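Structure record follows, encoded as structure tokens.
Counting convention: from 1, in listed order, for ligands and their atoms alike. Keep in mind that this is a model prediction, so the values were computed, not measured.
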Amino acid sequence: MKTPTTGFAIAIDGPVGVGKSTTAKLVARLLNMTYIDTGAMYRAVALHTLRTGEPPEQSISNLNIELHHENGTQKIYLNNENITDAIRTQEISEFTSAQIATNELVRKKLVTLQQQIAKNNSVVMDGRDISSQVLPWAQLKIYLDAAPEIRARRRTNDLLSRGQPADFSQVLQETLTRDHRDKNRPISPLIQTPDAIYIDTADMTIQEVAEKIASYAISTTTKGAIPCSTAQSEA
Ligand code: DC
């Protein structure tokens, strides 16, 4: 029997390329919760900044960033434009990591927005600072990890399988650079909070990781209750 629990939150943090988004999406589907990709929000600010040249601390207050769930997938809108695909370029990844995720005012605004979303939904939220800053009250906190070589190998294979050029040593170098930035920036660095459960995904499939997190969520809620976003549901 599923018992609805509003205001349940699962925070998933971890380094680049560990499979957070795919895992979080699957966990959300398994538990009928809402998936929130916070990295996409930082990327949206990066896209606007690159397009307009406006300093992000000036534009951030006027940006309307919305996440919509359409046909089971998350879409991101910037000032009513669907930018879901536009934010997935190498240029945006690099610029976001170097210039946007390090901006204190941007972080403050986006964290507030993320907290508002979590107030009204049961969420699976992934990022770098979810356990430490955004949802320190989350009932379940997960830190996903894998060695940089493993993450770089997965990313290389992924690019090759999509017919894109990829060189393992270059991907590894990029992975190490982004790890260093994420973990050492002065504002909201990536950390594993003491109350987060550490999962090394090296020898696990995404499905296995997601099922493990879902089983933690179920045992966290009382009497086997399953958290879900809206008032529903018997199963
Ligand atoms: O997860 P991602 O690659 O889409 O994230 C894009 C960038 O944003 C990456 O440099 C890490 C940063 N980020 C962050 O600082 N805090 C978050 N909560 C999510 C992402």
Can you tell me if [X] uses its side chain to pair, donor with acceptor, with the backbone of [Y] under 3.5 Å?
X	Y	value
S122	F8	yes
N79	N64	yes
R185	S188	yes
R151	A146	yes
E208	T205	yes

Exercise for the section: Check N103, I100, V45, T38 against L110 for a side-chain contact (heavy atoms from CB on, under 4.5 Å) and give me the one that passes. Expected result: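 For L110, the side-chain contact (heavy atoms from CB on, under 4.5 Å) check succeeds only for V45.
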Problem - Side chain to side chain, I10 and V27, heavy atoms closer than 4.5 Å - result: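 Yes - at least one pair of side-chain heavy atoms lies under 4.5 Å apart.
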Starting from [atom], which protein heavy atom do you reach first, and at what distance in Å?
atom	value
atom 19 (C) of ligand 1	T38 OG1, 3.3 Å
atom 1 (O) of ligand 1	R128 NH1, 3.1 Å
atom 8 (O) of ligand 1	T96 CG2, 3.7 Å

Handout entry: Heavy atom of R107, distance to ligand 1 below 4.0 Å
Key =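 For ligand 1, residue contact (heavy atoms, under 4.0 Å) with R107 is present.
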Practice task
Run the contact test for Q114 against ligand 1 with a 4.0 Å cut-off on heavy atoms, strictly below, and give the result.
Solution key: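 It does not; every heavy atom stays at 4.0 Å or beyond.
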Contact atoms of ligand 1, heavy-atom distance to [X] under 4.0 Å:
X	value
S97	10 (O)
R178	3 (O), 9 (C), 10 (O)
A101	12 (C), 15 (O)
D129	16 (N), 17 (C), 18 (N)
G39	4 (O), 5 (O), 19 (C), 20 (C)
R43	2 (P), 3 (O), 4 (O), 6 (C)

Practice task
Report the part of R181 in contact with ligand 1, treating N, CA, C, O as backbone and CB onward as side chain, heavy atoms under 4.0 Å; options are side chain, backbone, both, neither.
Solution key: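 Neither; nothing of R181 gets under 4.0 Å from ligand 1.
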Practice task
Indicate, as side chain, backbone, both or neither, the part of R185 found under 4.0 angstrom from ligand 1 when only non-hydrogen atoms are considered.
Solution key: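 Near ligand 1, R185 shows its side chain, while the N, CA, C and O stay back.
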Handout entry: Y143 and Y198 aromatic ring geometry - parallel, tilted or perpendicular at 30°/60° bounds
Key =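 Parallel, since the angle between the ring planes stays under 30°.
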Handout entry: Qualifying residue for side chain to side chain donor-acceptor pair (under 3.5 Å) with S97, from R181, R43, E174
Key =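 When R181, R43, E174 are each tested with S97, the side chain to side chain donor-acceptor pair (under 3.5 Å) holds only for R181.
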Practice task
Would you check the N or O atoms of D126, main chain and side chain alike, for any that come under 3.5 Å of an N or O of ligand 1?
Solution key: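 Looking only at distances, the answer is no, because the N/O contact criterion of under 3.5 Å is not met.
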